[in-house]
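Notes for the one structure printed next.
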Amino acid sequence: MAHFEEVCKQSDLHPKPAGLVLQYGTAGFRTSANKLDHIMFRMGLLATLRSKKTKATIGVMVTASHNPEEDNGVKLIDPLGEMLTSSWEDYATQLANTDQNELVKTLKDIIEKEAIDMSQEANVYVGKDTRSSSSSLSQAVLDGVKALGGHSKDYGLVTTPQLHYMVCCQNTRGKYGEATVEGYYRKLSQAFSQLAKNASNRTDDQKHLSVDGANGIGAIKVREMESHLKNHMQLSVFNDGSRGKLNHQCGADFVKVQQTLPRGIKINPGDRCCSFDGDADRIVYYYTDSQGDFHLLDGDKIATLISTFLKELLNEAGLDLKIAVVQTAYANGSSTHYLENTMKVIVKCTKTGVKHLHHAAQEFDIGVYFEANGHGTVLFSDGAEEKIQQLANDTNINDERKKAAFLLQNTINIINQTVGDAISDMLLIEAILAIKGMTVQQWDAIYSDLPNRQLKVKVSDRRVIDTTDSERRAVTPAGLQEAIDDLVKKYEKARSFVRPSGTEDVVRVYAEADTQESADALAHEVSLAVYGLAGGVGDEPKPLH
Ligand code: 16G
Ligand code: MG
């Protein structure tokens, strides 16, 4: 067929470097930008097939999120704005690694296996972040779509969650919203102003928030959003990309891992601040106190704030809906303890990676999911949304229930349910703090984090580590889990786990304990155990102090 000739011809313009093998990882392909041209072209092909198969619009986002500017990456978005289904991740890996002269055969294999009707129309939405490599790489995606006869729409510079939103809007025929960046701003800002009506009069200081845009797309988009928020919020945007380098000593990942302020932000003690990551799908909050000490409010604190707010509203509305919080092994032990024992909500733990949390959250009427690193959102089941709508339209209920239903309705609208979204999460957090009349310090005081430390260890092959129990226990190599158990026993309130990274060639180590010294010592000792038992390479891990 003509399409395949075109694929061959075009594929020669996007050649695969000999011997390069890449894997569709936790969040798609991610590596140095100069190795990705052929991957992008081929993901354009795959997205076209996926669109034909699902008879729906598929998204392709070109970004490497919080990774350095020199890197890039790509992830595919399924029809309702979710991550690409895992059964197709294997096709992505096959297509990425197949030799140029085998490409058409690999495509035909997928078409046959999935019984794809090639006469079906295909539509692919493409977006990119601000990396210097993103323009040519997103063009390679568009070339791939065109080569297989698909239609594409290039959204240009958008945040990752904005593209997820567009795909969902398109495939729900506008039910989720209008598939434009303007439509996104309008939907979220309208919900925000409805919620803000329920806040008592706020001073300009209370409305003020400092945002670290990680020198990325989030900075551009939050500025665009600002004009829609009128006088409801006052933003100071730092690291807006005008000078600094993307994600360099700034952004949500830097702040969370280093537990320190980003470079380039000017704040006073007590000021409320937040950082986005490079594609604005993560957010963390923080402030410094009068002693200059840094206080982080990460994904766990955000999940606690949001789930407390929702639980209170459900009570006031008299709605019997099951609410759960989904976390990963990285969730601070104090947060899990608080959620289970004080708030008495269901807590579920899953493997790292958004798709795992997202799926787990779908099992509940209301599923709040957050990774400690600040990626998260809230999912409302269709049934839950319906009950909330019905109550909001019910004229026979008292004012308290009516108000709670109204707040729930607008909370649904402010949330990007397709994926974690720094801008949407920021607006929801700001609305909750305003409605509850809460300062960032009061929010922080809900519970105290256990001191913790994350380290990485280089090993010759990280796949020797296999885990179970949502990555909380290592099954292999032999003796590693026993060694960790023995080390953990030496400390108070201690916990530690190790897992192979899904995005970097390292093993990650997490430890928490009653003091920072203990957490640091435990993390170091566990690193040594990994180094010794799992084939460490290079120098032996050094103690932190
Ligand atoms: C990716 C994941 C993120 C996860 C991180 C873990 C998505 C969209 N992103 O960035 O959720 O926390 O990987 O990285 O799924 P690691 O496996 O290297 O620790
Ligand atoms: Mg990201």
Side-chain angles (χ1 to χ4, degrees), residues 23-31 59 61-69 71-78 81-86 89 127-131 134 158-164 213-219 221 246-247 250-257 275-284 298-300 326-331 349-361 369-377 416 418-425 454-458 462-463 465 467 470-471 497-510:
Q23 180 120 21
Y24 196 93
T26 318
F29 293 102
R30 213 170 271 185
T31 186
M61 182 70 195
V62 176
T63 179
S65 183
H66 56 281
N67 294 91
E69 142 80 21
D71 288 357
N72 217 323
V74 59
K75 48 191 166 193
L76 267 62
I77 304 168
D78 254 0
E82 337 81 297
M83 304 280 165
L84 176 69
T85 187
S86 46
E89 290 181 356
K128 61 169 186 242
D129 72 10
T130 55
R131 286 176 162 78
S134 291
V158 280
T159 69
T160 295
Q162 283 177 334
L163 192 70
H164 283 255
N215 290 315
I217 184 67
K221 298 297 165 180
L246 178 70
N247 296 325
C250 61
D253 196 62
F254 173 83
V255 170
K256 165 73 183 160
V257 176
S275 284
F276 295 177
D277 74 335
D279 62 342
D281 64 354
R282 289 191 198 177
I283 185 169
V284 293
D298 63 3
D300 303 335
V326 183
Q327 308 184 312
T328 69
Y330 288 105
C349 184
T350 70
K351 282 163 56 170
T352 301
V354 173
K355 60 186 172 208
H356 302 296
L357 289 107
H358 193 92
H359 284 145
Y369 74 79
F370 267 88
E371 290 192 313
N373 63 27
H375 186 117
T377 187
N416 185 345
T418 62
V419 79
D421 181 335
I423 293 179
S424 147
D425 290 339
Q454 288 187 45
L455 296 175
K456 26 184 173 177
V457 183
K458 277 203 179 308
R462 68 193 197 277
R463 288 171 302 182
I465 297 196
T467 64
S470 302
E471 301 176 323
F497 67 90
V498 303
R499 53 175 283 278
S501 159
T503 65
E504 233 185 297
D505 193 12
V506 295
V507 174
R508 298 208 191 279
V509 172
Y510 176 89

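Counting convention: from 1, in listed order, for ligands and their atoms alike.
- Between H375 and Y369, the ring planes lie parallel to each other; the angle is under 30°, not in the 30° to 60° tilted range.
- Ring orientation note: the planes of Y510 and F497 are close to parallel, at an angle under 30° on the 30°/60° scale.
- Counting only N and O atoms by type, the side chains of T418 and N416 include a donor and acceptor under 3.5 Å apart.
- Angle OD2(D277) to the Mg ion (ligand 2) to OG(S65), rounded to 10°: 90°.
- Sorted by chain and number, the heavy-atom contacts of ligand 1 below 4.0 Å come from T26, A27, R30, H66, K75, M83, R282, T352, G353, V354, E371, N373, R499, S501, G502, T503, R508.
- Residue contact annotation: D279 places an N/O/S atom under 2.8 Å from the Mg ion (ligand 2).
- The backbone N or O of T160 sits nowhere less than 3.5 Å from a side-chain atom of D279 that would complete a donor-acceptor pair.
- The name of the N, O or S atom in D281 nearest to the Mg ion (ligand 2) is OD1.
- Donor-acceptor pairing under 3.5 Å is lacking for the side chains of T377 and D421.
- Using a cut-off of 4.0 Å between Lys/Arg side-chain N and Asp/Glu carboxylate O, R30 and D71 are scored as not salt-bridged.
- Residues D78 and K355 are not paired through a salt bridge, judged by the lack of any N-O separation under 4.0 Å between the basic side chain and the carboxylate.
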